[in-house]
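For reference, the structure is listed below as structure tokens.
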Amino acid sequence: MSLPSSPPVLRPYQREAVARAVAHFRAVDDPAVVVLPTGSGKSLVIAELARLARGRVLVLAHVRELVEQNHAKYLAYGLEADIYSAGLKRKENARQVVFASVQSVVNGVDAFASGDFTLLVIDECHRVEMRDLERARANKPASYQRVIEALRGANPRLKVLGLTATPFRLGQGFIYHRHYHGMVRGDERAFFRDCVFELPLRWMVRQGYLCEPKRIDAAIEGYDFSRLMPEEHGRFREPELDRVVRGHRATPGIVGEVVARAADRQGVMLFAASVDHAKEILALLPEGEAALVTGDTEASMRAASIQAFKARALKYLVNVSVLTTGFDAPHVDLIAILRPTESVGLYQQIVGRGLRLAPGKRDCLILDYAGNPWDLYAPEVNDPRPAADTEPVQVACPACGWANLFWGRRDGELVVEHFGRRCQGLVEDAQGRRSQCDFRFRYKSCPHCDGENDIAARRCGHCDGVLVDADDKLKAALGLRDAKVLRVALMRIEQSVNGRGAARLRIGYFDEEGESVVEWFALDTQAQRYAFQRVFIERHLAAPGSGWQPQGIDEVIAGRHRLRAPDFVIARRTGRYWQLREKIFDYAMQGGRRRLAESAGAERVM
């Protein structure tokens with residue numbers, strides 16, 4: 001093949017991504033991640049890093065299309081590189097730079113354990129199957145683990161860089177621990193330690209580097225997947241998906257609408273729920289204008305169908321979970337989603353097929369017939385959305401000042417409730433070492449050392465003492481004759497007057513049968529207000545860390561919408577009365593086995 005006379009010109013953000021990766025590895029050996037949206041040119045970033053590297057470079061991808069694409073971008077510099085991929089019928093491993101499929105390298109890993117590889121680049125690195133290598137060694141290592149262990153065995157200072165558009169894994173959240181903006185995103189045991197560069201999709205669209213996605217939620221006319229429950233690993237089973245869509249009377253109407261909206265579109269991709277569903281869709285599309293690709297499609301037929309679609313000999317391409325990564329057809333300007341997506345990562349990969357720029361392409365129309373809940377521009381993956389009326393809210397940390405982003409609720413501009421547990425900010429010690437801020441918005445106190453722990457912790461992180469499980473507390477109380485356990489359905493806050501005519505704050509906790517337990521507080525003196533703040537407000541505040549300190553009964557009652565009720569209360573009989581002894585908050589977050597009825601805080605506090 002003829003080589004270009006001049007190398008490609010990187011866009012400014014691509015140059016910055018390269019510079020940040022180089023600066024990171026000059027300082028430390030920790031594995032790092034670069035996050036760039038689909039269609040932003042990760043292949044050019046990989047090529048430039050490989051060109052700059054002093055030692056040998058291995059670039060891994062999980063499909064042969066990506067291996068070929070990344071290799072071609074490197075050749076555009078006028079340089080040569082090897083390919084090691086059984087799918088491409090090449091097993092070369094002599095040049096400084098090698099582009100390879102991960103499975104081919106695993107099958108011939110001894111050929112890569114020479115010790116002269118200094119940089120490992122992993123494309124689509126969200127596929128790396130581990131939290132860390134130490135934990136993985138206890139089990140059978142997965143593909144990427146085996147390659148990393150082999151290369152590190154020969155070179156302990158191996159640099160590992162991952163690139164992805166979707167830096168999260170289903171059921172695990174973010175694949176890296178620290179973000180260069182100064183915050184913690186993922187598990188501290190994550191294999192990738194740092195995200196060194198990231199560009200949001202919205203910025204890429206506004207700058208004209210990517211096409212604008214225009215989403216239409218057509219679920220009202222589509223399928224009802226709401227009753228489906230994912231398996232333990234978080235994915236939907238194809239037979240269950242097929243049960244919803246098989247012979248569904250909505251399918252002909254949906255396909256008809258897609259065809260009508262595609263009248264002035266260049267290329268259309270349809271994502272089906274199952275193979276049978278895809279065959280039904282194909283039969284309803286214009287004859288001779290569509291093809292179907294599944295995991296079982298014969299290789300030559302699959303290649304021919306994809307090539308015909310890219311050449312625009314076909315207008316429609318139907319697939320079942322096989323064209324979400326490593327597929328590049330820039331003219332695609334309509335995507336129809338006829339299946340639920342288990343994760344925001346999969347949703348972004350699907351939509352990303354239509355975001356590349358192409359001549360005559362004005363935008364990409366996204367038709368979602370499955371009611372997928374994901375926000376394309378602001379994915380929140382660390383925690384599931386707790387309720388439909390919650391939204392991302394900004395919460396400043398009282399300790400370090402970091403502006404956290406949590407799910408929550410607002411009353412105008414005031415954040416009246418949030419579900420954050422721990423500050424996401426990074427702080428530096430005197431030696432310049434960065435670690436996560438220790439402040440916890442919600443916590444479980446250790447009965448042995450009074451240390452603060454995550455609400456789901458089983459052992460104290462300070463003294464290693466056993467923390468009492470919420471279910472164990474309830475079980476123990478239910479076994480006592482002089483104890484009362486209420487599942488709180490309502491918390492009522494009101495003013496009362498005692499026998500001497502003094503005003504008191506009365507807090508009543510009621511279950512669904514009307515059983516109740518009551519506690520009283522006096523707020524006349526500074527000492528009483530301080531005690532009330534510590535024993536009541538700090539525990540009941542729905543937006544902990546907000547610093548609200550009411551100074552009187554009227555102020556508490558006026559702000560009762562800022563308070564949350566406990567899930568359970570435990571009282572013990574003292575003479576003729578019941579004395580409140582224990583409140584259990586965040587029962588579901590602690591892994592409690594009882595299903596709590598869903599109700600908004602405003603409906604539970606009066």
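For H177, the ring-ring contact (aromatic ring centres under 6.0 Å, His included) test picks out no residue, with sequence neighbours left out. Take E289 and apply the side chain to side chain donor-acceptor pair (under 3.5 Å) test, not counting sequence neighbours, and it matches no residue. R51 is linked by a side chain to side chain donor-acceptor pair (under 3.5 Å) to E48, counting only residues two or more places apart in sequence or in another chain. Residues forming a side chain to side chain donor-acceptor pair (under 3.5 Å) with D110 (at least two apart in sequence, or on another chain): none. Looking at residues two or more places apart in sequence or on another chain, you find no side chain to side chain contact (heavy atoms under 4.5 Å, CB included) involving A72. Residues passing the side chain to side chain contact (heavy atoms under 4.5 Å, CB included) test with A308, sequence neighbours excluded: A313, L314. With sequence neighbours excluded, no residue satisfies side chain to side chain donor-acceptor pair (under 3.5 Å) with Q207. The salt bridge (Lys or Arg N to Asp or Glu O under 4.0 Å) search around R422 returns D438, not counting sequence neighbours. By the ring-ring contact (aromatic ring centres under 6.0 Å, His included) test, F439 is found to be paired with F441, residues two or more places apart in sequence or in another chain being considered. Not counting sequence neighbours, Y316 has no partner by the ring-ring contact (aromatic ring centres under 6.0 Å, His included) test. Under the rule for a side chain to side chain contact (heavy atoms under 4.5 Å, CB included), the partners of V393 that lie at least two apart in sequence or sit in another chain are E391, V395, R410, V415, H418.
A salt bridge does not link D30 to K159: none of the charged nitrogens lies less than 4.0 Å from a carboxylate oxygen.
Residues L60 and S101 form no side-chain contact, since every pair of their non-hydrogen atoms from C-beta on lies 4.5 Å or further apart. Side-chain atoms of M204 and Y13, non-hydrogen and from C-beta on, do get closer than 4.5 Å to each other.
Panel note: side chain H179, backbone F197; no donor-acceptor pair is recorded below 3.5 Å. In this structure, the side chain of K361 engages the main chain of R356 through a donor-acceptor pair within 3.5 Å.
Within the structure, ring-ring contact (aromatic ring centres under 6.0 Å, His included) pairs that include any residue of residues 78-99 comprise H71-F99, Y74-F99, Y84-F112 (at least two apart or interchain).
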